[in-house]
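Worksheet: the structure to be examined is printed underneath.
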Amino acid sequence: MAQSSDCVRWNTLPGYCLTPGPPGSFDAGGVSARCVVQRGGGGAPGSAAGFLMYYEAIDEARRHSIGLATSSDGFTWDKGVSGMPVFEPAEAEGAWDGRAVARPWVVPMEDGSAR
């Protein structure tokens, strides 16, 4: 993890912002690419202040999906209690998202929705 007051010079902090889940979970194999958006202002999703982190999750079978963690301060993150991805590969053969979903990128819209 790192912190900056000017988005140019960064100080590294000890530890990790997010770690893999327990054995058998959808993110037990690892967590990687992330997209963080502020919520509760500027048209971002949700109404409570804080941050949403969409992250690439990998299970023990190497299947990729998208998970969600929340934070009120941008340092401490909570994956919640559902234990489920927010977006996962389709089961249908030949589907565009049939093998994996990865590299989340969320764009908050002014009306509160996201793309």
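The figures that follow rest on heavy atoms only: side chains count, while hydrogens, waters and symmetry mates do not. Along the sequence shown, residues are numbered consecutively beginning with 1.
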Contacts of type side-chain contact (heavy atoms from CB on, under 4.5 Å), residue L18, not counting sequence neighbours: V31, R34, M53, Y55, A69, W77, K79

Please list, one pair per line, the donor and acceptor atoms closer than 3.5 Å that link side chains of residues 89-105 to other protein atoms, with sequence neighbours excluded.
residue : atom : partner : partner atom : Å
R103    : NH1  : E56     : OE1          : 2.7

To the nearest 0.5 Å, what is the distance between OH on Y54 and CG on L68? 5.5 Å

For G21, does its backbone N or O pair with a side-chain atom of D27 as donor and acceptor, under 3.5 Å? yes

Just how far is it from atom OG of S4 to atom CG of N11, taken to the nearest 0.5 Å? 7.5 Å

Residues passing the side-chain hydrogen bond (donor to acceptor under 3.5 Å, both in side chains) test with R62, sequence neighbours excluded, are none

Side chains of E88 and F26: does their closest heavy-atom pair fall under 4.5 Å? no

If you group Ile, Leu, Val, Met, Phe, Trp and Tyr by side-chain heavy-atom gaps below 4.5 Å, do F87 and I58 land in one group? no

Verify side chain to side chain contact (heavy atoms under 4.5 Å, CB included) between R39 and T70, making sure each step is shown before the conclusion. CA-CA 10 Å; R39 67 179 181 174; T70 60; 4.2 Å; yes

Answer with yes or no whether the hydrophobic clustering places V86 together with M84; edges join I, L, V, M, F, W, Y residues whose side-chain heavy atoms lie under 4.5 Å apart. no

Where the side chain of S72 meets the backbone of G50, is there a donor-acceptor pair that is under 3.5 Å apart? no

Between OG1 of T76 and CZ of F51, what distance do you get to the nearest 0.5 Å? 12.0 Å

Would you say E60's side chain and G24's backbone share a donor-acceptor pair under 3.5 angstrom? yes

Counting N and O atoms only, with roles assigned by atom type, does the side chain of S65 sit under 3.5 Å from a partner on the main chain of P85, one being a donor and the other an acceptor? no

Closest contact, heavy atoms only, A28 versus P20: O-CB, 3.8 Å

Just how far is it from atom CG of L52 to atom CD of Q38, taken to the nearest 0.5 Å? 10.0 Å

